Amino acid sequence: MEAMSMEGDRCDFCLEGRLRSRQVREYYRAGKGLVVMERVPAYVCEKCGERYYEAHVAKQMRQLAKRAPRVKARISFPLIRFQEKRALA
C-alpha cells in the first residue's frame, strides 16, 4: 500500500502555508546526546517552516538515533553559552 503524499496540503500549525516535499537536516535528541541526520525526507510549510514526517520516516529516525553511539562519522561545532547583559539602573 502506497502512502498518500502531503504535497500541497495546508499546514496544521499556521493554517496558512502549503506543504512542500524537501530533504532536510534534522537535529534529533538521542538520550543525553544529539544526532544530526542529513537528507531526511519531510514536508515543510512554505510559510512557517513547520516540518511533517511520514510515519515510516519518523520510525526510521528513531531507529537510526538508537545506533548513534556506534556511528563513526562525527562533527564538532562551537558551543556558546548565552549570558544576558542587563542594563545598569
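Residue numbers count from 1 along this sequence. Treat the numbers as computed from the prediction; the structure is a model and nothing was measured.
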- side-chain contact (heavy atoms from CB on, under 4.5 Å) between Arg81 and Leu79, worked out: CA-CA 7 Å; Arg81 293 198 192 317; Leu79 173 64; 3.6 Å; yes

- Does the pair Arg25 and Val36 meet the rule for a side-chain contact (heavy atoms from CB on, under 4.5 Å), with working shown? CA-CA 7 Å; Arg25 178 178 292 155; Val36 180; 3.6 Å; yes

- For the pair Glu7 and Leu19, evaluate side-chain contact (heavy atoms from CB on, under 4.5 Å) and give the outcome as yes or no after the intermediate values. CA-CA 5 Å; Glu7 182 78 27; Leu19 303 182; over 6 Å; no

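The two atoms that bring Arg10 and Leu15 nearest to each other are CD-O, 3.3 Å, heavy atoms only. The two residues Val57 and Pro41 have their closest heavy-atom pair at CG1-O, 3.6 Å. Taking each heavy atom of Tyr52 and Phe13 in turn, the nearest pair found is OH-N, 3.3 Å. A pairwise comparison of heavy atoms in Gly17 and Cys45 identifies CA-SG, 3.6 Å as the closest pair.
Among Arg20, Arg18, Arg22, Glu54, the single residue meeting the side chain to side chain donor-acceptor pair (under 3.5 Å) criterion with Tyr43 is Glu54.
Side-chain contact between Tyr27 and Met37 is absent, with no heavy atoms from C-beta onward closer than 4.5 Å.
The side chain to side chain donor-acceptor pair (under 3.5 Å) search around Tyr53 returns Glu26, not counting sequence neighbours.
Tyr28 and Val24 fall within the same hydrophobic cluster, defined by Ile, Leu, Val, Met, Phe, Trp and Tyr side-chain heavy atoms under 4.5 Å apart, directly or through other members.
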